[in-house]
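Proteins get letters first, then strands, A, B, ... in listed order; numbering begins at 1 in each.
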Amino acid sequence: MPKDSGIGASSKRREDIRFLTGTGQYTDDINVQGQAYVHFLRSSVAHGRINSVDTSTAATMPGVVRIFTGADFEGVGGLPCGWQVTDRHGQPMQEPAHPVLAQGKVRHVGDPIAAIVADSASQARDAAEAIVVDIEELSAVIDMKEAVKDGATKVHDDLTSNLCYDWGFVEENKGAVDEAFANAAHVTTLELVNQRLVANPMEPRVAIGEYNRANDESTLYTTSQNPHVIRLLMGAFVLGIPEHKLRVVAPDVGGGFGTKIFHYAEEAFCTFAARQINRAVKWTSSRSESFMSDAQGRDHVTKIELALDADNNFMAIRTDTLANMGAYLSTFAPSVPTWLHGTLMAGNYKTPLIYVNVKAVFTNTVAVDAYRGAGRPEATFQLERLIDKAARELGVDPIALRRQNFITQFPYATPVAVEYDTGNYVATMDKLEQIGDLAGFEARRKKSEANGKLRGLGINCYIEACGIAPSALVGQLGARAGLYDAATVRVNATGTISVMVGAHSHGQGHETAFPQVVAEMLGIDENMIDIVHGDSSKIPFGMGTYGSRSIAVCGSAMVRATEKIINKAKKIASHLLEASEADIELKDGQFSVVGTDKSCAWGDVTLAAYVPHNYPLEEIEPGLEETAFYDPSNFTYPAGAYACEVEVDTATGKVTIERFSAADDFGNVINPMIVSGQVHGGIGQGIGQALLENTVYDENGQLLSGSYMDYAMPRASDVPFFTVDHSCQTPCTHNPLGVKGCGEAGAIGTPPAVVNAVIDALHSGGHTHVTHIDMPVSPSRVWSAING
Amino acid sequence: MTKITMTVNGKSASGDVEGRTLLVDFLRNDLHLTGTHVGCDTSQCGACTVHVNGKAVKSCTMFAADADGADVQTIEGQANEDGSLNVIQQAFQDHHGLQCGFCTPGMVMAAAELLKNNPKPTEADIRHHLEGNICRCTGYHNIVKSIMAASGQDVSAIAAE
Amino acid sequence: MYNFEFVKPSSVADAVSALSAEGAQALGGGQTLIPTMKQRLASPDTLVSLSDIAEMQGVSSAGGSVTIGGATTHADVAAANAFAGLTTLAGNIGDPAVRNRGTIGGSLANNDPAACYPAAALATGATITTNARDIAADDYFQGMFTTALEDGEIITSVTMPVPEASNYQKFEQPASRFALVGVFVAKYADGVRVAVTGASENGVFRWSEAEAALNGNFSADAIADLSIDASGMIEDLHGSKAYRANLVKVLTDRAVSAAS
Ligand SMILES: Cc1cc2nc3c(=O)[nH]c(=O)nc-3n(C[C@H](O)[C@H](O)[C@H](O)COP(=O)(O)OP(=O)(O)OC[C@H]3O[C@@H](n4cnc5c(N)ncnc54)[C@H](O)[C@@H]3O)c2cc1C
Ligand code: FES
Ligand code: FES
């Protein structure tokens, strides 16, 4: 029987009411009395030296309040990078300055040169056209392989080269890995590109800076996944505003997918400018602008090799990756190709030796940072394409090869420094074979062939590291912040509850799922509990939502705070019931004395806490509010197996997804409906990456895919219904809920399944010369591969 | 500035607009109906979909002045008179047809037009009809399912959960 | 977007006179012009909306031809179901909201190299009627975004002889969903016409070799050995010249097989 409330129930989402009636409040829906509008004049060249910026005519245009340029930000901090990677030789990465407005040089198309603040948005834009910028165009550094050559033009003149770092992992294993390859019975090699993507949450970014001179307080309304992180970075590193004078609010946010984690120039600008002109300043990004200012994702070029012994056991993996950082280091950029990527290279397999090399490179392109999955999709794509290729080369069944090499004993310490606590990869593969009806594939293939189409089946397994992250560990790895989270449970006199959480919900349904947990623990109605999030003035602290961490980390903090509430409430109940605290039991919202019929209700205790007429005031304080901070002791390791069936029209090269099945192990599940929705969304984005999306710069650094006219977003007609299952559950052993996180799984698990399916289809049609097609596997690429 | 008057969600609304004022700007800025969203500047995402004289249009791609005298319906006017969700809205909640909610007003308005003209659409009909509405969150699975359910079709067989 | 004055005449005559002013431009459904103005690539001083002109609305049939008012929306053309190829074409332009606003006149005036209507107009040998004259489709299209229209001239209607059989095959560009290549095949008693959009750097064109082959034998077999020269084709992110040339062939084949 499915539950109808509490943990495990598919409670309907309460936030839907406001979104379905048009009464949500997104940042652009907020208007502050008297606000001015800013338009950013952005560079139209990818690389150039700014000789002069003449704002004199523009400054006199109607409505113009003030025009800012890089010079106004001298003495103001630059945008900080939150993660320092140490290279193979023990040296810190090269870290360039990132001014809020360009100083001296522009380094990508879209780099902001000037900011025009005016009474209306169109006046600001009109004035921007009157600014005369004299830029000496320099040759643009776009291709990563060219960028790392000796003598290449430098993106940052004050760095020694375009190499941010050369990272080796695990450096000590390198010799042993090379030796394993020398002794291998078979080596499979694959060169591939994990193409650059634009996250494209449907809500473009918005920022409103507000300043109150009377109390010297600044408020920033922003489209962020983590308002406290923005407060910390912007307050402490950029603008020097103390935390108690800075409030950051992220109201309803229309999707994030990683790109709304980072601290952006526009946020700092609006906050700064509001103080300068003593008036609120609003910026609303257009979609075109977001294509050249939102941090982008992926962009790896990799060579990966797998060594197998004579029995097809995996002996070693070796990879070489160039990772594009873009022109500047975005907030968490350095961690993505390293700690979020190298540590995942073991996948679901017991490969004893692994060596990962990553060279991070500066280019004259938009900054690259975490996008749904962040590093983990890149790792999974390489590994799972490679295994598929190996199976084909060896003439063995790709599922059998995977099963043979699965990790089956847990906990399992990988050769890439992480320890998987639990998992059951055989079970998810069994489940996949069942829900995907893999046994029926050959019959379906025959049917497709009868219709003149090739059909292929692609399999993929993935592992991810979620629940980011143990603070002490990430500190050693270079993180400049802790990655715990916090929650305050405030019980009101009548027993209703507000839970202030550091996680931010921008589609994940926290407002529904988090109360389910507290309701379960207290045995009260979910509807008595509300979640408060997204406002630094209301919440003790929070590191926000990314890395599938909300329920695993913030949810755990909430559990800890609720436990404290229960402890205190039991003390109060023991007083009211005149019994020993040890004998008090809380069940279904009733406190009772074990072995008696004495009881009192949840509401009696909460009322006593606030109206302490009959209350043990000498022993405990009145009130019922508790805060907990939770720092995880390990990552969580969701895993799963995915199957994709495609049809290929060889005349046009068009690929259609005919079936898609996903069997995931997320540990315990709080709200199955929401979890399925997260998986669906991830699969949709994964199909987008596999078949459609691509960010393309020409050799001059002009973005050719700068709008939905050329950047192919997945539409309803590009996907089928999906079959998803999360009944295989190996609960996480180290967090109180036994949860693992589900937000990124689909985006990680999908692309290799799709590409493997396309290759399988082509081979079935005799096109065996096609061993790989880079994503997006677009019609023209498939056609060219067939006819190439 | 031109004075325009239109009926929005059954009520008369008027204002002074510039030639370039888009219908979506008039709705959001002048009438404070911020449920209609702007997700792109190339007329592709459909977050801004409203009905003008009973037809779905992208309010970012129509001048407010061109809607002078028209009957306009937005997401704010879709709930039942007692404030409860209408059939389509309710189906979206029941079947988790939304996540961040940003595309949702456009989806609901697009679905309303479809169901008016095609009361029992197939899965393919629905997917074809949503060509101009982009959702980044849901993978469309539950949106399509919600619309099928709103049309009274049994969706229990569609991939559990 | 720059500001402009908005006028909405109710007759062709008034529209023509409004358009004679310096900097005036016609507004059809706005589905191309408005996004262009947002990018500040067009800056009319006056926009003359054609949406209130009754004489430019609707679809009517007479004497084996169908006449479509210049301000008729794609949705209305699809709903009129005048002949198979036209219905499919109009019903698959963009998306429902675009079809509810975009007009045939706007599409033909714009003559985007990836637009659908130019293929129908050329394949049916349509007559494009303006406030001033009739223009044969063969004379009307003059390369990408270029037509025989003079400044201020309005397309008031388009007349297409109804074919015995027709079909439109559109292969969508994955992002914009315009035609990466589109092929319209129309069969008449006096011959077959094949028009191709999306493919050529010179905009919509007739594939005369295919027409010649199909004249004798209206079946896919007739064009089996033909291929089209890739040299004048468009090359972009979404497909090479050779790929587009291949699509022209494949889609023509499919259009002939599916023509009804
Ligand atoms: C998301 C999206 C998808 C699309 N997909 C497709 C597609 O798949 N296939 C396709 O063919 N098109 C597509 N289009 C374009 C669409 O068909 C437009 O409607 C059409 O190109 C222009 O028609 P309009 O009435 O909107 O013209 P407008 O945008 O109003 O005007 C376009 C140009 O024509 C002029 N003009 C307008 N009407 C007349 C007239 N009667 N006489 C003379 N000049 C006139 C205008 O001055 C302007 O220069 C798409 C558009 C969008 C936004
Ligand atoms: S905002 Fe109107 S289509 Fe995107
Ligand atoms: S629900 Fe977020 S874009 Fe659709």
ask   = With respect to chain A, which residue among B:Glu76, B:Glu123, B:Met107 yields the maximal number of heavy-atom pairs within a distance under 4.5 Å?
value = B:Glu123
request  = Let me know if A:Gln678 has heavy atoms under 4.5 Å from chain B in its side chain, its backbone, both or neither.
outcome  = both
query = How long is the gap from OG1 on B:Thr138 to CD1 on A:Ile683, to the nearest 0.5 Å?
reply = 11.5 Å
remark   = Assert top hit (heavy-atom pairs under 4.5 Å, partner chain B, pool A:Gly684, A:Gly22, A:Gly507) equals A:Gly507
key: Side chain, backbone, both or neither of A:Val253 within contact of chain B (heavy atoms, under 4.5 Å)   = backbone
inquiry  = If you compare all heavy atoms of A:Pro204 against all heavy atoms of B:Val38, which two are closest, and at what distance to 0.1 Å?
reply    = CD-O, 3.6 Å
query = Where does A:Thr23 contact chain B at under 4.5 Å (heavy atoms): side chain, backbone, both or neither?
reply = neither
request  = Show the numbers, then the answer: is there a side-chain contact (heavy atoms from CB on, under 4.5 Å) between B:Gln78 and A:Thr21?
outcome  = CA-CA 7 Å; B:Gln78 301 308 298; A:Thr21 52; over 6 Å; no
inquiry  = Heavy-atom pairs under 4.5 Å with chain B - which of A:Gly255, A:Gly509, A:Gly24, A:Pro714 has more of them than the others?
reply    = A:Pro714
key: Gap separating the CZ atom of A:Phe721 from the CG atom of B:Asn142, nearest 0.5 angstrom   = 8.5 Å
request  = Identify the residues of residues 84-100 of chain B whose heavy atoms come closer than 4.5 Å to a heavy atom of chain A, ordered by number, or report 'none'.
outcome  = B:Leu85, B:Gln89, B:Gln90, B:Phe92, B:Gln93, B:Asp94, B:His96, B:Leu98, B:Gln99, B:Cys100
request  = Answer whether the closest heavy-atom distance between the side chains of A:Arg287 and B:Thr42 falls below 4.5 Å.
outcome  = no
query = Considering all heavy atoms of both residues, which atom of A:Gly254 and which atom of B:Phe102 are nearest to each other, and what is their separation?
reply = CA-CB, 4.0 Å
message = Does any backbone or side-chain atom of A:Ile435 lie under 4.5 Å from a heavy atom of chain B? Answer side chain, backbone, both or neither.
response = neither
key: Any donor-acceptor pair under 3.5 Å from B:Arg136 side chain to A:Ala199 backbone   = yes
task = Inspect the contact between B:Arg28 and A:Asp29 and indicate whether a charged nitrogen and a carboxylate oxygen are less than 4.0 angstrom apart.
result = yes
inquiry  = So which atom in A:Tyr708 and which in B:Cys45 form the shortest heavy-atom distance, rounded to 0.1 Å?
reply    = CE1-CB, 4.3 Å
task = Just give me the residue among B:Gln44, B:Arg20, B:His129 that pairs up with chain A most often, heavy atom to heavy atom, under 4.5 Å.
result = B:Gln44
ask   = Is chain B contacted by the side chain of A:Met202, its backbone, both, or neither, given a heavy-atom distance below 4.5 Å?
value = both
query = By a 4.5 Å heavy-atom criterion (distance strictly below it), what part of B:Thr104 contacts chain A: side chain, backbone, both, or neither?
reply = side chain
message = Which atoms of B:Tyr140 are under 4.5 Å from chain A, going by heavy atoms: the side chain, the backbone, both sets, or neither?
response = side chain
query = Using non-hydrogen atoms only, which part of A:Asp28 is less than 4.5 Å away from chain B: side chain, backbone, both, or neither?
reply = both
query = Where does A:Tyr26 contact chain B at under 4.5 Å (heavy atoms): side chain, backbone, both or neither?
reply = side chain
Could you list the donor-acceptor pairs under 3.5 angstrom formed between side-chain atoms of residues 1-17 of chain B and any protein atom two or more places apart in sequence or on another chain?
| from | atom 1 | to | atom 2 | distance (Å) |
| --- | --- | --- | --- | --- |
| B:Asn9 | OD1 | B:Thr74 | N | 2.8 |
| B:Asn9 | ND2 | B:Thr74 | OG1 | 2.8 |

message = Walk me through whether B:His141 and A:Ser676 qualify under side-chain contact (heavy atoms from CB on, under 4.5 Å).
response = CA-CA 10 Å; B:His141 181 105; A:Ser676 295; over 6 Å; no
query = Is there a side-chain contact between A:Glu203 and B:His37, using heavy atoms and a 4.5 Å cut-off?
reply = no
query = Where do A:Met713 and B:Ile134 come nearest, in terms of heavy atoms and distance?
reply = CE-CG2, 3.9 Å
task = Would you mind telling me which of B:Thr36, B:Asn133, B:Asp41 has the largest number of heavy-atom pairs within less than 4.5 Å of chain A?
result = B:Asp41
task = Kindly say whether A:Arg715 contributes a backbone atom to a donor-acceptor pair with the side chain of B:Glu131 at under 3.5 angstrom?
result = no
query = How about B:Cys137 and A:His680: do any of their side-chain heavy atoms sit closer than 4.5 Å?
reply = no
